[in-house]
Amino acid sequence: MANIKNLAIAEAVVSSEHVETRKSFFSTSYIYIPTQSKLKATVLDYSADNGILLQRLLQQPAEKVKEEIASKGKPQSTQLGNIRAEIVYAADKQFLAVQVFRFADFKYHPSGELSMFEGEEAAVYAELF
């Protein structure tokens, strides 16, 4: 489990109008406002083939993604890969933010846009992870 504020996508996610920051004496938590669900973060690595498949699926409509998962399964993450996905999601799966990065020149570079999904659409895309 990754800490949201340590992710490259943190600033974009936290500045969303649907995300609230709650600070306490010992910690900071982030809440998806419409459902009052706590946000969590994770980072997954993928092989080149599975990373390309993930990027392609994130650009398709939710219905097509649902069909693809049912027929072929979801892209499998690995322990160490040259493609990385930073993922922030609500515990109730009604919010999802994901960006894919590619390792080159000894660091990760964005390989596409930050994608944010809400509601039923977010639940469909969350099945990828």
Side-chain angles (χ1 to χ4, degrees):
M1 190 70 62
N3 189 329
I4 292 174
K5 62 184 171 185
N6 295 335
L7 299 178
I9 64 172
E11 186 177 332
V13 172
V14 172
S15 65
S16 169
E17 63 186 28
H18 299 291
V19 175
E20 176 184 10
T21 303
R22 293 187 183 164
K23 293 185 179 191
S24 66
F25 188 66
F26 294 106
S27 67
T28 301
S29 61
Y30 303 96
I31 306 296
Y32 177 57
I33 297 170
T35 62
Q36 293 298 306
S37 182
K38 187 173 183 179
L39 295 183
K40 299 178 181 183
T42 191
V43 176
L44 298 174
D45 286 338
Y46 293 90
S47 66
D49 293 338
N50 282 314
I52 291 168
L53 174 61
L54 176 64
Q55 283 184 295
R56 187 175 56 78
L57 289 171
L58 287 171
Q59 295 172 352
Q60 294 184 0
E63 288 303 315
K64 187 127 173 123
V65 171
K66 202 184 279 189
E67 291 171 11
E68 188 103 10
I69 291 173
S71 66
K72 298 179 183 175
K74 63 183 186 175
Q76 297 299 311
S77 63
T78 61
Q79 288 289 346
L80 187 62
N82 64 333
I83 296 182
R84 171 172 284 177
E86 290 188 354
I87 306 147
V88 176
Y89 61 96
D92 62 1
K93 305 266 196 281
Q94 295 298 301
F95 175 83
L96 175 74
V98 61
Q99 185 165 14
V100 178
F101 296 85
R102 182 178 299 274
F103 190 78
D105 300 325
F106 300 104
K107 63 182 180 176
Y108 284 97
H109 301 276
S111 179
E113 301 278 325
L114 171 65
S115 301
M116 287 194 195
F117 307 100
E118 295 185 56
E120 194 60 38
E121 188 179 46
V124 170
Y125 286 98
E127 293 299 316
L128 292 170
F129 311 105

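- Judged by distance alone, with hydrogens and angles left aside, the side-chain atoms of Gln99 form no donor-acceptor pair with the main-chain N or O of Ile9 at under 3.5 Å.
- Put simply, CD on Glu118 and OG1 on Thr35 are 9.5 Å apart, with the number rounded to the nearest 0.5 Å.
- Across Asp92 and Ser37, no two heavy atoms sit closer than the pair N-OG, 3.2 Å.
- A distance of 16.0 Å separates OH in Tyr30 from NZ in Lys40, rounded to the nearest 0.5 Å.
- Tested against Ile87, the residues Leu7, Val43, Val98 include a single side chain to side chain contact (heavy atoms under 4.5 Å, CB included) partner, Val98.
- Here the side chains of Ser111 and Phe101 are not in contact, with every heavy-atom distance at 4.5 Å or above.
- Each of Tyr125 and Met116 belongs to its own hydrophobic cluster when Ile, Leu, Val, Met, Phe, Trp and Tyr are linked at side-chain heavy-atom distances under 4.5 angstrom.
- How far NZ of Lys66 is from CD of Glu121: 11.0 Å, rounded to the nearest 0.5 Å.
- Tracing side-chain contacts under 4.5 Å through hydrophobic residues (I, L, V, M, F, W, Y), one reaches Leu58 starting from Tyr46; they form part of the same cluster.
- Two residues are said to be in side-chain contact when any heavy atoms from C-beta on lie closer than 4.5 Å; Val124 and Glu63 fail this criterion.
- Across every non-hydrogen atom of Val14 and Thr21, the tightest pair is CG1-OG1, 3.5 Å.
- Here the closest heavy-atom approach between residue Leu96 and residue Tyr89 is recorded as CD1-CB, 3.9 Å.
- The minimum heavy-atom distance linking Ala104 with His109 is given by the pair O-NE2, 3.0 Å.
- Of all heavy-atom pairs between Ala12 and Leu114, the closest is CB-CD2, 3.4 Å.
- In the hydrophobic clustering of ILVMFWY residues, with side-chain heavy atoms under 4.5 Å counting as a link, Leu44 and Leu57 come out together.
- If you take CG on Asn50 and CD1 on Ile83, they are separated by 9.0 Å, rounding to the nearest 0.5 Å.
- Rounded to the nearest 0.5 Å, atoms NZ (Lys74) and CG (Leu53) are 12.5 Å apart.
- Counting heavy atoms of neighbouring residues, nucleotides and ligands inside a 6.0 Å radius, atom CD of Gln36 exceeds 12 of them.
- Between Ile4 and Val88, the shortest heavy-atom contact is CD1-CG1, 4.1 Å.
- Interatomic distance, Glu127 CD to Glu68 CD, rounded to the nearest 0.5 Å: 14.5 Å.
- For Phe95 and Tyr32, the ring centers sit closer than 6.0 Å to each other.
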